[in-house]
Amino acid sequence: MPVKKVVKKKKNESATKADITKIESKINEDIESDNNKITKPTPKKPAEFEKDLNNNNTRYWLIKSEPLSRIDPVTKKDVKFPFSDLLEVEYEEWNGVRNYEARNNMLNMEKEDILLFYHSNTPSPGIVGLAKVANEAHPDSLQFNSKSNYYDSRSNKEAPKWWCVDVKFYRRFRSKITLQELRENESLVNMSLVKRGRLSVTPVRKEEYYEILKMESKKNISNNIDCEMDEKYIDP
DNA sequence: GCCAACGTTGGC
DNA sequence: GCCAACGTTGGC
């Protein structure tokens, strides 16, 4: 029978900042090692990438977020996440996506893929800037949290249903490119955003990405992008 | 595996 | 706040 080692507690013992950092990094390591034991599903690649995939090119996607306050009726929590919030963090787990097609799109993402950041549910929705994939898809932590609105009792840790990437800030646009402007552009009529309005994570073709950059380059600098963000963030 | 009922998204 | 579009659920 193993003998339990008794460690006497020091007087006035309290966790220092370094202790907390150590504990946090241990937890993160554990989570990562758990995640590595799980096989990541490999869904079909979207048709938008037929050309680019073979050449190992950077790929492009569009993700939506709500910049204005809205209280979720179930959790009573504010769902808002304006683009400027990405400045506050190293990266953000893009969790809470509960649509298979959107999930599959995230599973298909690679590190450093470009993300067009779209503000939805505003008086004038549109693309406000660019983000990048910080980390490839991993199980969405909220599906196992019974207190979360995104809890899924039918998911399990051996075969998680919901996966998501981590997102990091890249740069803001000179001005918001509105949905209306995107719709008016003839070369963007086939954009997934335009055709599949409700999907929150959509693929973007390379040609579409460059067309949008072209639209941006013609714009004057405007601070009306639904959130406070300095002009210095225009250049990467 | 069909499809009615229901829930969610998000522009307007 | 309305509601169209569309995804999901579950009975049969």
Check: Taking any atom under 4.0 angstrom from a heavy atom of chain A, which nucleotides of DNA chain C are the first and last to qualify, 5' to 3'?
Finding: C/dA4 to C/dG10
Check: Looking just at side-chain N and O atoms, do A/Q143 and A/S155 make a donor-acceptor pair shorter than 3.5 Å?
Finding: yes
Notebook entry, point to check: Nearest heavy-atom pair of A/N135 and A/V165: which atoms, and what distance?
Noted result: O-CB, 3.4 Å
Next item on the list: Could you check A/N121 against A/E101 and say which one's nearest nucleotide on DNA chain C is further toward the 5' end?
Entry: A/N121
Notebook entry, point to check: Between A/R198 and A/Y100, which is nearer to the 5' end of DNA chain C once each is assigned its nearest nucleotide?
Noted result: A/R198
Next item on the list: State, to 0.1 Å, how close A/K80 and A/L68 come at their nearest heavy-atom pair, and which atoms those are.
Entry: CB-O, 3.1 Å
Notebook entry, point to check: Is A/R70 touching bases, backbone alone, or none of the nucleic acid, heavy atoms closer than 4.0 Å?
Noted result: nothing
Note to self: Tell me the bend of the helix from B/dG1-C/dC12 to B/dC12-C/dG1 as the angle between end helix axes, each from five pairs, rounded to the nearest 10 degrees.
What the structure shows: 10°
Margin query: Please report whether the ring centroid of A/W94 lies less than 6.0 Å from that of A/F81.
Written below: yes
Notebook entry, point to check: Are A/K40 and A/E136 ion-paired here, with the side-chain N under 4.0 Å from a carboxylate O?
Noted result: yes
Margin query: Centroid separation under 6.0 Å, is that true for the rings of A/Y100 and A/W162?
Written below: yes
Notebook entry, point to check: Taking the six-membered ring for Trp, are the ring centroids of A/Y233 and A/F169 within less than 6.0 Å of each other?
Noted result: yes
Check: Are the side chain of A/D78 and the backbone N or O of A/R70 linked by a donor-acceptor pair below 3.5 Å?
Finding: yes
Next item on the list: Select base, sugar-phosphate, or nothing to describe what A/R196 touches, counting heavy atoms under 4.0 Å on all strands.
Entry: sugar-phosphate
